[in-house]
Amino acid sequence: MAWRGPHPMLLLVLLATWLALARGETRFGKFQRQHVAPPRTGPQNNRDYCNSMMRSRGMTSPVCKRTNTFIHVNNVNPITNVCGPGGTPAPKNLHDSIAHFNLTTCRLQGGSQRPPCNYKGNTKYRPIRIGCVRRLPVHFDRII
Ligand SMILES: *[C@@H]1O[C@H](CO)[C@@H](O)[C@H](O)[C@H]1NC(C)=O
């Protein structure tokens, strides 16, 4: 089969990385943009919440992120604490929270990552596993 150049998805990943660097976003800043959200109030359903939050937090372009969890807290401190005394060390740089958090997980509907992005959401109250670098959260690993 003939060589046709780099996969388009690779170019999109490189573009996204370049855009992140261009706007001077740190890994901790990106973690907060993608995963830290105020407590949910009011009657908004999970679908509307996810569709609006995934967009306003910059996860729907250039492609729709497939899945993303928002951690509902008034400020980032209880999450940062998981990198220290509020967590127990897991393999690599991962830490398991002792506390439970209110969570909303958004999942892209359909197979295509091309916008417009339609999400379904569900909520949980569970501990989380995050990755930390120099005592700051930089990666959401999973709900535990
Ligand atoms: C989780 O959400 C419930 C319902 O909104 C709220 O009463 C509770 O205080 C929240 N817990 C935490 C740890 O944020």
Side-chain angles (χ1 to χ4, degrees), residues 5-144:
H7 193 282
M9 195 56 80
L10 174 64
L11 295 178
L12 286 174
V13 168
L14 289 174
L15 177 67
T17 305
W18 179 83
L19 285 172
L21 291 172
R23 69 177 142 175
E25 190 178 46
T26 63
R27 290 188 72 189
F28 180 46
K30 182 180 178 185
F31 177 90
Q32 292 179 84
R33 173 170 62 82
Q34 296 195 327
H35 301 294
V36 181
R40 288 178 59 178
T41 53
Q44 194 178 38
N45 65 45
N46 290 337
R47 185 184 301 265
D48 290 345
Y49 180 84
C50 283
N51 286 340
S52 114
M53 281 291 282
M54 291 299 289
R55 182 182 165 85
S56 68
R57 296 300 187 92
M59 289 179 272
T60 58
S61 91
V63 297
C64 312
K65 189 179 178 184
R66 282 194 190 283
T67 165
N68 186 71
T69 296
F70 293 103
I71 310 163
H72 301 293
V73 283
N74 290 306
N75 61 67
V76 75
N77 298 344
I79 306 173
T80 301
N81 194 40
V82 174
C83 300
T88 57
K92 297 199 240 176
N93 65 339
L94 300 173
H95 298 256
D96 294 344
S97 72
I98 296 165
H100 286 51
F101 290 91
N102 283 315
L103 308 165
T104 301
T105 299
C106 303
R107 279 200 180 76
L108 185 65
Q109 297 305 286
S112 165
Q113 280 183 277
R114 256 180 72 179
C117 316
N118 270 302
Y119 289 91
K120 263 173 109 169
N122 70 80
T123 59
K124 285 195 166 125
Y125 181 66
R126 297 290 303 164
I128 55 174
R129 172 173 284 188
I130 59 173
C132 303
V133 170
R134 282 183 271 123
R135 290 245 168 174
L136 291 177
V138 295
H139 165 68
F140 181 88
D141 192 64
R142 61 183 177 90
I143 295 169
I144 52 179

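For ligands, and for the atoms within them, numbers begin at 1 and follow the listed sequence. Side-chain atoms are counted along with the backbone in the values below, which use heavy atoms only and exclude waters and symmetry mates.
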Asks: Please check if a non-hydrogen protein atom sits closer than 4.0 Å to atom 11 (N) of ligand 1.
Replies: yes
Asks: If you measure only the distance, is there a donor-acceptor pair under 3.5 Å linking the side chains of T105 and T69?
Replies: yes
Asks: Strictly less than 4.0 Å: does any protein heavy-atom distance to atom 8 (C) of ligand 1 fall in that range?
Replies: yes
Asks: Right, does atom 5 (O) of ligand 1 have protein non-hydrogen atoms nearer than 4.0 Å?
Replies: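 Given the 4.0 Å cut-off, atom 5 (O) of ligand 1 does not count as touching protein heavy atoms.
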Asks: Determine the interplanar angle of the H100 and Y125 rings, folded into 0 to 90°, and report it as parallel if under 30°, tilted if 30 to 60°, perpendicular if over 60°.
Replies: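 Because their plane-to-plane angle lies in the 30° to 60° range, the rings of H100 and Y125 count as tilted.
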Asks: Closest heavy-atom contact between V36 and R57?
Replies: O-NH1, 2.9 Å
Asks: Within a distance of under 4.0 Å, is there any protein heavy atom near atom 14 (O) of ligand 1?
Replies: yes
Asks: Determine whether a donor-acceptor pair (N or O, by modelled atom type, separation under 3.5 Å) exists between the side chain of D96 and the backbone of A90.
Replies: no
Asks: Any donor-acceptor pair under 3.5 Å linking the side chain of H35 with the backbone of F70?
Replies: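 No, the answer is negative, given that no donor and acceptor are paired below the 3.5 Å cut-off.
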Asks: Distance under 4.0 Å to a non-hydrogen atom of N102: what atoms of ligand 1 satisfy this?
Replies: 1 (C), 2 (O), 3 (C), 8 (C), 10 (C), 11 (N), 12 (C), 14 (O)
